[in-house]
Chemist: 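Take a look at this one; I'll ask things after.
As the structure lists them, so they are numbered: ligands from 1, and atoms in each ligand from 1. Just so you know, these numbers come straight off a predicted model, no measurement behind them.
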Amino acid sequence: MSNVTLKQIKKSFGSVDVMNGIDLEIAKGEFCVFVGPSGCGKSTLLRLIAGLEQVTSGTITIGERDVTEAEPSARGIAMVFQSYALYPHLTVRENIGFGLSLAKRPKAEIKAKVDAAAEALQLGHLLDRKPKALSGGQRQRVAIGRAIVRNPSVFLFDEPLSNLDAALRTQMRMELTDLHKKLGATMIYVTHDQVEAMTMADKIVVLNGGRIEQVGTPMELYNNPVSPFVAGFIGSPKMNLIEGETAASLGCKVYGIRPEHLRLSATEGRWEANVRHVERLGAETILHLEAAGVGSLIARVAGEDVPDVGTKIFASPLPGREFRF
Ligand code: ADP
Ligand code: MG
């Protein structure tokens with residue numbers, strides 16, 4: 001069953017069109033990630049769903065209800081932003097329950113809801129602390145707690161992990177995935193980080209210039225990107241994309257091969273190449289090659305037994321792993 005339906009959503013700011021006709025269905029309970037480069041319209045689309053911006057045309061349905069004209073508070077959504085915006089003078093308990101207190105809900109109900117949210121977020125032992133005595137990750141969990149107590153039918157997240165350091169982001173990714181399983185709620189999550197999209201999403205929506213490039217599961221996008229844009233956006237290091245004469249000689253406009261799908265040999269192969277840079281990451285090594293007639297290629301290989309800078313080698317695409325656009 002679809003929980004959020006967008007039909008022909010368009011949005012202009014003055015004479016600038018930033019959303020160019022978005023059609024999308026998000027299923028109940030789905031973890032849907034909007035991903036794309038900065039400025040592609042991710043936040044705008046989320047804010048349109050939230051009702052913080054009005055659509056120029058098109059319709060938004062949440063549940064069975066057309067909410068296109070509805071106030072944000074009447075849409076059954078809760079939003080979590082990159083900045084947590086907690087009240088510094090209130091405790092964690094008071095911060096999480098703030099909206100309920102404001103709505104004059106009974107004390108016992110507020111306590112029960114805050115306790116349940118704190119339990120889901122492992123904040124139980126921190127309820128009497130003030131925000132300044134919390135780590136960044138804990139503060140973001142409090143902000144998520146504030147969303148949970150509203151019991152929304154849809155959670156909206158706008159780059160909630162961007163302020164956290166890399167190690168904490170990895171941990172929070174898993175916590176959010178666990179939370180999604182626990183709550184079974186529909187979640188729409190905006191990020192520019194394809195790793196977050198790949199690791200958390202049931203469904204990824206790749207946006208480019210206010211248009212949907214592709215919708216699919218993480219592995220569908222990895223295995224079957226429909227355009228060079230998606231091919232280059234999903235996966236790290238980025239897919240090698242070759243245009244021009246080389247691509248034409250291979251029967252296409254853009255030829256793509258992922259770094260992990262190049263096989264290297266000292267003696268033979270499709271392309272003769274020079275090793276320009278060697279990035280040893282420990283478990284794997286990234287090789288930057290300059291191939292005759294092709295240009296720069298990146299290869300990703302396992303282990304430490306790799307060619308030195310300046311060595312001549314041969315690189316070959318793994319059969320069945322080439323893309324032609
Ligand atoms: P993203 O979140 O993907 O980085 P945004 O949705 O914030 O992108 O912005 C998409 C485009 O809309 C950008 O070109 C941005 O400058 C423009 N934009 C966003 N909000 C406004 C606004 N209030 N007024 C004018 N232009 C805006
Ligand atoms: Mg944004």
Chemist: Establish, from distance only, whether the side-chain atoms of R173 and T199 form a donor-acceptor pair under 3.5 Å.
Modeler: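 Yes - a donor-acceptor pair under 3.5 Å links their side chains.
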
Chemist: Should the pair D115-K111 be classified as a salt bridge under the 4.0 Å nitrogen-to-oxygen rule?
Modeler: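 Judged by the 4.0 Å cut-off on N to carboxylate O distance, D115 and K111 do form a salt bridge.
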
Chemist: Assess whether atom CD of E109 is packed by more than 12 heavy atoms of other residues, nucleotides or ligands within 6.0 Å.
Modeler: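 Counting neighbours around CD of E109, more than 12 heavy atoms of other residues, nucleotides or ligands fall under 6.0 Å, so yes.
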
Chemist: Is the distance from the Mg ion (ligand 2) to the nearest N/O/S atom of S43 under 2.8 Å?
Modeler: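 True for S43.
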
Chemist: For K253, I'd like to know if atom NZ has over 12 heavy atoms of other residues, nucleotides or ligands within 6.0 Å.
Modeler: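 Count not over threshold, so no.
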
Chemist: Might you list the protein residues in contact with ligand 1, defined as having a heavy atom under 4.0 Å from one of its atoms, sorted by chain and number?
Modeler: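 Those residues closer than 4.0 Å to ligand 1 by some heavy atom are F13, V18, P37, S38, G39, C40, G41, K42, S43, T44.
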
Chemist: Do the charged groups of R47 and D158 touch, with an N to O distance under 4.0 Å?
Modeler: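 Salt bridge absent between R47 and D158.
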
Chemist: State which residues pass side chain to side chain contact (heavy atoms under 4.5 Å, CB included) with T311; sequence neighbours excluded, sorted by chain then number.
Modeler: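 Once residues adjacent in sequence are excluded, the partners of T311 under the side chain to side chain contact (heavy atoms under 4.5 Å, CB included) criterion are V275, P307, D308, I313.
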
